[in-house]
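Just below is one structure, and these are the notes that go with it.
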Amino acid sequence: MTDAVTDREDTMGAPTAGGWPATEAEAVAEQERIRAAADLSSPGPAPGEVRRIAGVDVTYDEESDLLVAAAVVLDADTLEVVEEAVHTGRSRFPYVPGLLAFRELPGVLAVLEELSAPPEVVVCDGYGYAHPRRAGLAVHLGVLTGLPCFGVAKSPFVFDHAEPGPLRGDSSPLLDPLRSPPEVVGRALRTRPGVKPVFVSAGHGISLDHACAHTLRLTPRYRLPETTRGADGLSRRALRELKAGRREPYGAAER
DNA sequence: GCGACAG
DNA sequence: ATCTTGTCGC
């Protein structure tokens, strides 16, 4: 009776504000415009040319429909936290593979506004150019903000890659198998020896080489960049506190 | 038609 | 994404 697409649209909820897409078709059309506006040729800032580098992430609560977006700005040299911000909102778009940006960006844009000054580079939790329409989260955020952005994802999504060498810094091309010949869209990068690689792709205003260099600078101890770890931790913490605060003190919640 | 599918 | 304890190892 209904296919998967219809089911997803049925879960999208109330009409959205600010011209945000209300359907998957609108979102796809918007991605075509985003792709056309992306800067994929600038080398952008290299490590050492940057002071403030930020990570952004969003955590969701299924039942309440609430979300918390977090931004953590690090000193690019020392990796110390220099600023943090959170923003609470409500989900405007469901998770649909290939349309993640429409779920995450309202919160991310809002939390970036909370910062005292814009960061010089933003690291996204997901993909950039490595996307079916070359318009992943990091591309989209970069186009909307004008900030250099790149993506570091934890899983290969729809792309292919050979196993990188075992050492930190080893990498292999991330390939889109749906193009002939397969196009290089990113890199599987080993950030810790013997540990599963991360998947880096350029977004906007920064090259893949620089994105990988930043990623290695941000991973002195763990697989994932400190920016991502910081933003993920902060958003989870903030959502947990928010839920605790909304609950009645003695479990007298239902009414 | 079916499975896969960033977070 | 989220549900979840302990456990092995540097």
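Letters go in sequence order (proteins before strands), and every chain restarts at 1.
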Measuring to OP1 and OP2 of B:dC5, would you say a side-chain N or O of A:S155 lies under 4.0 angstrom away?
no

Protein-nucleotide distance (A:E62, atom CD; C:dA1, atom P), rounded to Å
13 Å

Phosphate contact (B:dA6 OP1 or OP2) by A:K154 side-chain N/O below 4.0 Å
no

In whole Å, I'd like the distance from the CG atom of A:L105 to the P atom of B:dA6.
17 Å

Evaluate side-chain contact (heavy atoms from CB on, under 4.5 Å) for A:Y129 paired with A:E183, printing each intermediate quantity in order.
CA-CA 11 Å; A:Y129 183 77; A:E183 182 189 5; 2.5 Å; yes

For A:R51, is there an ion pair with A:D75 - N to carboxylate O distance below 4.0 angstrom?
yes

Please determine whether a side-chain nitrogen or oxygen atom of A:Y95 lies at a distance below 4.0 Å from atom OP1 or OP2 of B:dA6.
yes

Interatomic distance where CZ belongs to A:F159 and P belongs to B:dC5 [whole Å]:
12 Å

Side chain of A:R236 only, heavy atoms from C-beta on: which candidate in B:dG7, B:dC5, C:dA1 is closest?
C:dA1

Under 6.0 Å between the ring centres of A:F150 and A:H210?
no

Separation of C:dT2 atom C1' from A:L66 atom CG, nearest Å, is 15 Å

State plainly whether the residues A:R190 and A:E163 are in salt-bridge range, i.e. N to O under 4.0 Å.
yes

Atom CZ of A:F199 and atom P of B:dG7 are separated, to the nearest Å, by 10 Å

With a 4.0 Å cut-off on heavy atoms, is A:G98 in touch with a base, just the backbone sugar-phosphate, or nothing at all?
base

To the nearest angstrom, how far is A:R229 atom CZ from B:dG7 atom P?
16 Å

Quick one: label A:R221 by what it contacts on the DNA or RNA (base, sugar-phosphate, nothing), any heavy atom closer than 4.0 Å.
nothing

Nearest whole Å is fine: how far is B:dG3 P from A:F157 CZ?
19 Å

d(CG, A:D176; C1', B:dC5) in whole Å
13 Å

What does A:L99 touch in the nucleic acid at a heavy-atom separation under 4.0 angstrom: a base, only the sugar-phosphate, or nothing?
base

Decide if the gap between the ring center of A:F159 and the ring center of A:Y127 is smaller than 6.0 angstrom.
yes

